[in-house]
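The structure appears below as structure tokens.
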Protein chains: 2
Amino acid sequence: MKLKATDIGQMASASEVIFEALREAIAQGDVKEGEALRQDHIARMFNVSRIPVREALTRLEEQGLVSTQRYRGAVVARLSIDEIREIFEFRALLEPEILRYSVARMTDDALEKARRFARAFATETDGARWGDLNRSFHYALYEEAGRPYYLQTISTALDRVDRYLRAQLVLTAGMDRARREHQGILDACIARDAALAARLTRDHILGACDSLLDFLDRQRAGETRHGDVDAGDTGTGDTAMRDMAGGHMGKGTR
Amino acid sequence: MKLKATDIGQMASASEVIFEALREAIAQGDVKEGEALRQDHIARMFNVSRIPVREALTRLEEQGLVSTQRYRGAVVARLSIDEIREIFEFRALLEPEILRYSVARMTDDALEKARRFARAFATETDGARWGDLNRSFHYALYEEAGRPYYLQTISTALDRVDRYLRAQLVLTAGMDRARREHQGILDACIARDAALAARLTRDHILGACDSLLDFLDRQRAGETRHGDVDAGDTGTGDTAMRDMAGGHMGKGTR
DNA sequence: CATCTATTTTTTGGATCCAATTTGCAATAT
DNA sequence: ATATTGCAAATTGGATCCAAAAAATAGATG
């Protein structure tokens, strides 16, 4: 597990910092699915007690990012192919809709902001940043809709499939298509063609879903053939679990 | 505040019991919006410490049912007119869609189950039960879709507006229309007409929204005129806060 | 040697205790 | 009389401690 110290604005509570760090780590795929999240372990990484860690884990479970069993702890939730497909269909319903609201109200500033993110996404060479830039681009378009509930729901849904999406982006040559599709969506928004922008967004999401499921089918078939990672992997191994948010908070050794 | 001891299946943890009780109480409108939820107070009602209460409140906040401020505690979230409208539009997008999936796969058993709930809703005289029966009817139709993520998202959205919906059902003569519309949706499902069922569901939700917003406009206008409940009401008054889940769990006076 | 059982070790859920912060109220100054 | 400052009570966030449950380990038995 590897956590970067997400800079929360105005010195938030410990549990909030931990929550954001874990959420980011799970979305990034820095902690693998099925890996156990030990309260005590995480607590020591942040130099806090288990209490704020438990609050963070509770929130993560409520969002579906981890699953917990009583007295057995939390593990990063593993989504089945069906669950992944359902969430993509869900996004393919919501995101075109919010974009439809947005296009009519979009200012030139908002369009310029989206254009910058599209460009940053297209020119970024570090694969680890593609996920964030992809999000930023779409959110820039969606924010203008003035539909905070839609946006929050979309964000939660995207969180759950983000690490799959990022893995697929990095491993296959899907980036070229993503770049082209982003440009198409952006052009439609500039032309104020809400219907077209919505249709392209829907195709963008469903196309990514198809290519992701293809990739996962092959990967998971390989896994079970090799007997590599079984369903109930407890993930005892400390894989990539050093170099945490090294001893941040806390005013000393308690 | 008034909480009924929601019977959780297999002896869940304390925090889960408290979470369900509070969620139900908020949805039912037994705790009013803006009312403060004191950790210590709730803890004593259930004969537990504040720890499981805090977990329950954390989960409720994650679902948007309460809002908290650091060191200031949690209050039942008050939704603005715009927020309520947005959530209804959200439901009006999702529920027809999940019903479309469902109609094709619906067994006679499922239809019979929905029919029974529609009947129970139509004949129920106790206004306090209308909310639950309404939910049961719609969920019976939606379950067959095999879309758990859609269903959970819909449920969360409905939770947030449920108390407004229930209040409106009880106070106005919207019940007759609801009965008729339920029957129409059910008939369309029996006829396997997915498009019609979806359209009727959308109208059902948007119609309820209109009548609810009408009702709320009048009510809130009245409130501010009377200076009755101000925006930032701390709700110190113990209104309806006895007769809680009286001294349930816990193995004695600690 | 495999298998079952008893015991130790981990780990979680919850209780109690403490510190940080806010809020209510009284005394004081303007 | 009103605004301001200085406590005291109430309340939350977090630490530490304890009990219950599960996993790991060792020992007994066939």
Side-chain angles (χ1 to χ4, degrees), chain A residues 1 8 10-20 22 34-62 66-75 230 232-238 241 247-254, chain B residues 1 8 10-20 22 34-62 66-75 230 232-238 241 247-254:
Chain A
M1 194 192 301
I8 306 270
Q10 329 86 302
M11 187 43 179
S13 63
S15 64
E16 198 140 345
V17 174
I18 295 167
F19 170 73
E20 284 299 331
L22 286 174
E35 188 171 339
L37 300 171
R38 300 270 163 242
Q39 297 175 1
D40 195 42
H41 194 179
I42 297 167
R44 267 199 290 271
M45 292 190 206
F46 286 91
N47 269 29
V48 295
S49 79
R50 281 165 40 220
I51 297 286
V53 175
R54 279 163 62 176
E55 186 175 328
L57 290 174
T58 298
R59 292 177 63 186
L60 290 170
E61 186 182 17
E62 203 61 31
V66 309
S67 49
T68 314
Q69 276 186 298
R70 194 169 157 81
Y71 289 111
R72 288 208 193 174
V75 298
D230 213 274
D233 177 41
T234 48
T236 324
D238 239 9
M241 198 137 172
H248 269 12
M249 43 193 31
K251 299 143 195 170
T253 50
R254 293 172 177 271
Chain B
M1 194 193 300
I8 306 269
Q10 331 84 299
M11 188 43 181
S13 62
S15 64
E16 197 140 346
V17 174
I18 295 167
F19 170 72
E20 283 299 331
L22 286 173
E35 187 171 339
L37 300 172
R38 301 271 163 239
Q39 297 175 3
D40 194 42
H41 194 179
I42 297 168
R44 267 199 291 270
M45 293 192 207
F46 286 92
N47 270 28
V48 294
S49 79
R50 280 165 42 220
I51 297 285
V53 175
R54 278 163 63 176
E55 186 176 326
L57 290 174
T58 298
R59 293 177 62 186
L60 289 170
E61 186 183 19
E62 203 60 32
V66 311
S67 50
T68 49
Q69 277 186 298
R70 196 170 155 80
Y71 290 112
R72 288 205 193 174
V75 298
D230 213 274
D233 177 39
T234 48
T236 325
D238 239 8
M241 200 139 172
H248 270 11
M249 43 193 30
K251 299 144 197 172
T253 50
R254 293 170 178 270

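Chain identifiers are assigned alphabetically (A, B, ...) following the order of the sequence lines, protein sequences preceding nucleic acid strands; residue numbering begins at 1 within each chain. The shown structure was predicted, so the numbers you read here are calculated from the model rather than taken from an experiment.
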Separation of [X] atom [atom1] from [N] atom [atom2], in whole Å?
X        : N       : atom1 : atom2 : answer
Gln69(B) : dT12(D) : CD    : C1'   : 13 Å
Phe46(A) : dA15(D) : CZ    : C1'   : 17 Å
Ile51(B) : dA15(D) : CD1   : P     : 11 Å
Arg44(B) : dT16(C) : CZ    : P     : 12 Å
Phe19(B) : dG13(C) : CZ    : P     : 16 Å
His41(A) : dT9(C)  : NE2   : C1'   : 18 Å
Arg70(A) : dA19(D) : CZ    : P     : 17 Å
Glu55(A) : dG14(C) : CD    : P     : 15 Å

From the set [options], return the single nucleotide nearest to any side-chain atom of [X].
X        : options                   : value
Arg38(B) : dT11(D), dA20(D), dT16(C) : dT11(D)
Gln39(A) : dG14(C), dA15(D), dG13(C) : dG13(C)
Tyr71(A) : dT12(D), dG14(C), dG13(C) : dG13(C)
Arg50(A) : dG14(C), dC17(C), dG13(C) : dG13(C)

What's the shortest heavy-atom distance between [X] and [Y], and which atoms?
X        : Y        : value
Ala56(A) : Ile18(A) : CB-CG2, 3.8 Å
Ser15(A) : Pro52(A) : CB-O, 3.5 Å
Ala14(B) : Val48(B) : CB-CG1, 4.4 Å

Residue closer to the 5' end of DNA chain C, Pro52(B) versus Asp40(A) (nearest nucleotide): Asp40(A)
Inter-residue atom distance Gln39(A).CD - Arg50(A).CZ, 0.5 Å rounding: 5.0 Å
Nearest-0.5 Å distance that lies between atom CG in Leu57(B) and atom CZ in Arg38(B): 11.0 Å
Thr68(B) or Arg54(A), whichever maps to the more 5' nucleotide of DNA chain D: Thr68(B)
Phosphate OP1/OP2 of dA23(D) contacted by Arg72(A) side-chain N/O (<4.0 Å): yes
